[in-house]
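Counting starts at 1 for both ligands and their atoms, following the listed order. Excluded from the calculations below are hydrogen atoms, water molecules and symmetry mates; all remaining heavy atoms, backbone and side chain alike, are included.
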Amino acid sequence: MAKSFSGLHSSDLSGVVKVPGDKSISHRAIIFGALATGETEITGLLEAEDVISTTKAVSALGANVKHLGPGHWLVSGLGIGGMTAPTAPLDFGNSGTAARLMMGVIAGHNFEAKFIGDESLSRRPMARVLEPLNLMGLNWHEEFDHLPLTLIGAERLMPISYNLPVPSAQVKSAILIAGLFAPGITEVIEEEATRDHTERMLSYFGAKLTITPNESGRTIAIEGDAELKGAPVAVPGDPSSAAFLTAAALLCPGSDITIQSILINPTRTGFYTTLQEMGADITFENERMESGEPIADIRVKASKLTGVDVPAERAPSMIDEYPMLSCLAAFATGETRMRGLNELRVKESDRLKATADGLKAVSVPARIEGDDLIVTGSDTVAGGGYVKTHLDHRIAMSFLILSLASKEPVVVDDISMIKTSFTGFVELMESLGARFK
Ligand code: S3P
């Protein structure tokens, strides 16, 4: 039974906190740990439903995954090609990343595995991953593009050179993972840089991988018949989760918060760059490197915001943050135009439509023009509406934050799916002084 929920007017948020571990890095640490030889000890793993789906999938394929304590996990890997056929369908729940990256893993194993997921995941496009993996040797039984699907891995994969038709780190990663199993060099050419955690972590685990910039983007080449060696991974805080705390502190008067140990990989920080352009008082402090990734503490103070034009090229570096940015834009004087948001249509919901509809429901002028979303902001937001989340955690959290600063509380239809990415979201917000009903 879905439970509706509201944020209540809040001010003076303060505190020094951490958010749960980065979701993208958590999935990869489990998967690469399972494909490596030896042990991978992980600290700070995100223990939300999406990542748990990945731990269950690699366990069902024979890897030994042990929970040692909060965020602390040990994966005993099987080596490339060492997995065994699952005896039951692999259930990926709400997680597109888990399903798509694991397609790259199954491609390299000569057995069948049935992939299933929840209602939202079963609506999401899979052809973008299956097409390149098919060129490498993966097959399946049913009509493709959507789960459920029974995949048939190959004894020997073929290396390919593939131009990514969509800027998707999940597609890129699935191909690079399959490339581990293919003799020779597998190449992925991307026009726009997408998050590069796969490249960083595979190199950190010993894969031979090169990145060459070209006129329009970059080529990533991975050497096949690879061997990965397990290595310790400290997962940094998730900048996509920190985005909600950042937004709350900007909007609630008198706030001053610090969010510690957040990933600041430049392929993920478009949201923060945009906010600085809007006039936000955000500083990165104590910048450092951990497990091959840059991290920092983020300090945020309440700020007056001004609307800006967000270029399409920035979209991959903030793709999951547009619902939150759009809600912030409601409080920014003037117009905010966010360009090139086509990929938002195929997330956990059609996020472009869900965001625009949500804003309209709380009396904020918002319109979609082609692939752009335009929001007209002002100092005060009436709020008071009812927002449909469509099983989408980021829509739920974005409108709860908007509600903290609007005149009337906004009712969000369901918050149960927040646990797919951000365990303890409400409690953490409350610890900063935010109020909910
Ligand atoms: C992710 C890539 C992005 C992002 C998702 C996580 C990843 O998806 O939206 O939340 O971990 O690779 P796309 O690759 O489909 O853009």
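Between D118 atom CG and N94 atom CG the span is 4.5 Å, to the nearest 0.5 Å.
Judged by distance alone, the side chains of K172 and T198 never bring a donor and an acceptor atom under 3.5 Å apart.
If you look at H27 next to ligand 1, there are no close heavy atoms at all, none under 4.0 Å.
Protein heavy atom in closest approach to atom 11 (O) of ligand 1: S24 OG, 2.7 Å. Nearest non-hydrogen protein atom to atom 8 (O) of ligand 1 is K347 NZ, 3.0 Å. Closest to atom 6 (C) of ligand 1, if we only count protein heavy atoms, is T97 OG1, 3.4 Å. In terms of protein heavy-atom proximity, atom 10 (O) of ligand 1 is nearest to D320 OD2, 2.7 Å.
Remark: ligand 1 and A169 share an N or O pair separated by less than 3.5 Å (distance only, no angle test). Distances between N or O atoms of S173 and those of ligand 1 include no value under 3.5 Å.
Using a 30° and 60° split on the angle between ring planes, Y272 and F284 fall in the perpendicular class, above 60°.
Each of T355, V310, T274 was checked for a side chain to side chain contact (heavy atoms under 4.5 Å, CB included) with M338, and the lone residue meeting it is V310.
Residue contacts with ligand 1 include R28, since one of its heavy atoms falls under 4.0 Å from the ligand.
A distance of 6.0 Å or more separates the ring centres of H393 and F425.
Interface atoms of ligand 1 facing I319, defined by a heavy-atom separation under 4.0 Å, are 9 (O).
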task: Could you please spell out the steps behind the side-chain hydrogen bond (donor to acceptor under 3.5 Å, both in side chains) verdict for R351 and H390?
output: CA-CA 9 Å; R351 274 190 189 151; H390 305 280; over 6 Å; no
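By the 4.0 Å N-to-carboxylate-O rule, R288 lies close enough to D297 to be salt-bridged with it.
Selection from E321, R128, Q170 by nearest heavy atom to atom 1 (C) of ligand 1 gives Q170.
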